[in-house]
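Note sheet for the following structure.
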Amino acid sequence: MNTTTYSLSERYEVAFNQIHDALKKQVKSRSDRFTSLVHSGRHHKIISTYQDELFQYAKLRNALVHEKTELGYYIAEPHPEVVERIEKIARVLHSPNYALTIATKEVIFFHLEDRIEDVISAIKACNYSQYPVYEGNRCLGLLTAKSIVKWLAERMMGSIVDLSDVKIQDVFEVEKRPPLTFEAKTSTIFDVEECFEHYHQRKLDLEAVIITENGRDDETPLGIVTAWDLIEIDYTAD
């Protein structure tokens, strides 16, 4: 939009409508009312970041639009900084926000027949705490550093554990496998947050979302998104 040809009030209303449109597309709610969508979507980091501002913008928009006395006439003009801010938020909400942008993209994965020593070496080198495990082309779940430590502790003889013949399968078969799900590379951060929310509502802790080409468990992992990745998203829009 060429902002030089529009009044501040018109720019504000356009940006507000863009945000409303984005919320209707992304948030599951019984109502399409702006404030209802903001409230229903507050579990999304991108919305909770702006929640207080969005409620204030809704009040201002109502004052500007509902109290018009004639076409094209507004009772007041919002401050330029307010208009610039709502336009920035509109751009953030309208951008694709692909989940891969926040995912750990260097995914290290193993197969059941690999040695557990290889996983321990990866933990030392990369400091990752979880690794997808595959049987053939299919992902069976995640092997976590926590489960390896537990497995080792249960089998220690004094201070020594012989790992020379231990395969991932030996550890993985006694692993309490945390919930894991898959999303396509076209998935947005909204989609991934919905996955975590869905499991939360079922009182389950989703360990991670693995991003693949089409969201199938028999495809090469392109990225992993954890709950921590969602928490650390920065949507300041400055």
Side-chain angles (χ1 to χ4, degrees), residues 22-29 37-38 40-51 92-112 114 119 122-123 125-150 168 171-173 175-237:
L23 292 175
K24 286 189 286 187
K25 290 179 180 177
Q26 301 288 1
V27 177
K28 296 177 181 178
S29 175
L37 290 167
V38 174
S40 297
R42 66 189 184 279
H43 64 276
H44 291 293
K45 180 63 167 22
I46 190 172
I47 295 176
S48 64
T49 298
Y50 304 130
Q51 178 176 296
V92 170
L93 286 170
H94 259 280
S95 64
N97 293 305
Y98 292 120
L100 268 177
T101 62
I102 63 167
T104 300
K105 299 180 185 64
E106 185 185 357
V107 183
I108 299 174
F109 59 94
F110 296 94
H111 289 83
L112 285 176
D114 291 334
V119 183
I123 293 173
C126 306
N127 203 32
Y128 296 162
S129 61
Q130 50 196 14
Y131 300 86
V133 174
Y134 283 74
E135 182 176 35
N137 295 326
R138 180 171 172 266
C139 181
L140 300 179
L142 293 174
L143 179 63
T144 66
K146 180 179 179 180
S147 66
I148 294 174
V149 171
K150 181 180 179 182
I168 288 177
V171 179
F172 201 65
E173 65 186 10
E175 163 89 74
K176 182 180 180 181
R177 302 177 192 176
L180 178 70
T181 191
F182 299 80
E183 285 287 331
K185 70 176 184 180
T186 55
S187 299
T188 67
I189 294 172
F190 278 96
D191 297 323
V192 171
E193 286 183 314
E194 285 293 347
C195 288
F196 280 93
E197 178 66 14
H198 175 68
Y199 276 83
H200 176 71
Q201 290 176 350
R202 294 163 57 193
K203 302 188 183 305
L204 295 172
D205 291 326
L206 180 63
E207 186 72 18
V209 175
I210 294 183
I211 309 297
T212 65
E213 185 72 24
N214 300 292
R216 299 204 312 261
D217 64 1
D218 60 349
E219 297 177 312
T220 301
L222 303 176
I224 296 180
V225 180
T226 67
W228 283 109
D229 294 317
L230 296 174
I231 291 172
E232 293 175 354
I233 296 173
D234 181 13
Y235 277 123
T236 57

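In this chain, residues are counted from 1 in sequence order. All values reported here derive from a predicted model rather than from experimental measurement.
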Solution key, residues 99-111 side-chain donor-acceptor pairs under 3.5 Å, sequence neighbours excluded:
unit_1 : atom_1 : unit_2 : atom_2 : d
Thr101 : OG1    : Tyr98  : O      : 2.6
Lys105 : NZ     : Leu100 : O      : 2.7
His111 : NE2    : Gly136 : O      : 3.3

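Contact of the Leu112 side chain with the Leu140 side chain is registered, since non-hydrogen atoms from C-beta on lie closer than 4.5 Å. Looking at Thr226 and Gln130, their side chains come closer than 4.5 Å, going by heavy atoms from C-beta outward. With a 4.5 Å cut-off on side-chain heavy atoms, Tyr50 and Val92 count as touching.
Rounding to the nearest 0.5 Å gives a distance of 4.5 Å between CD1 of Ile46 and CZ of Phe190. Residue Leu206 holds its CG atom at 7.0 Å from CG of Leu180, rounded to the nearest 0.5 Å. Distance OG1/Thr212 to CG/Leu222: 6.5 Å, rounded to 0.5 Å. Atom CD of Glu219 sits about 10.0 Å away from atom NZ of Lys185, to the nearest 0.5 Å. How far CG of Leu143 is from CD1 of Ile123: 7.5 Å, rounded to the nearest 0.5 Å. Between atom CZ of residue Phe172 and atom CG of residue Leu142 there is a gap of 7.5 Å, rounded to the nearest 0.5 Å.
The main-chain N or O of Leu37 is never found under 3.5 Å from a side-chain atom of Ser40 such that the two would form a donor-acceptor pair. Judged purely by atom type and a 3.5 angstrom limit, Asp114 has no side-chain atom pairing as donor or acceptor with the backbone of Ile168.
The shortest non-hydrogen separation linking Thr181 to Tyr199 is CB-OH, 4.1 Å. The two residues Phe196 and Ala227 have their closest heavy-atom pair at CZ-N, 3.6 Å.
Other residues, nucleotides and ligands contribute more than 12 heavy atoms inside 6.0 Å of the NZ atom of Lys45. The 12-atom threshold is not exceeded at NZ of Lys25, counting heavy atoms of other residues, nucleotides or ligands nearer than 6.0 Å. Within 6.0 Å of the NE2 atom in His94, the count of heavy atoms belonging to other residues, nucleotides or ligands exceeds 12. Summarising the local packing, CG of Asn214 is surrounded by more than 12 heavy atoms from other residues, nucleotides or ligands at distances under 6.0 Å.
With sequence neighbours excluded, no residue satisfies salt bridge (Lys or Arg N to Asp or Glu O under 4.0 Å) with Arg42.
Between His44 and the choices Gln26, Glu194, Glu197, Gln51, the side-chain contact (heavy atoms from CB on, under 4.5 Å) rule is met once, by Glu194.
Using a 4.0 Å cut-off between a side-chain N of Lys or Arg and a carboxylate O of Asp or Glu, Arg138 and Asp218 do not qualify as a salt bridge.
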- Message: Walk me through whether Ile47 and Leu23 qualify under side chain to side chain contact (heavy atoms under 4.5 Å, CB included).
- Response: CA-CA 9 Å; Ile47 295 176; Leu23 292 175; 3.7 Å; yes

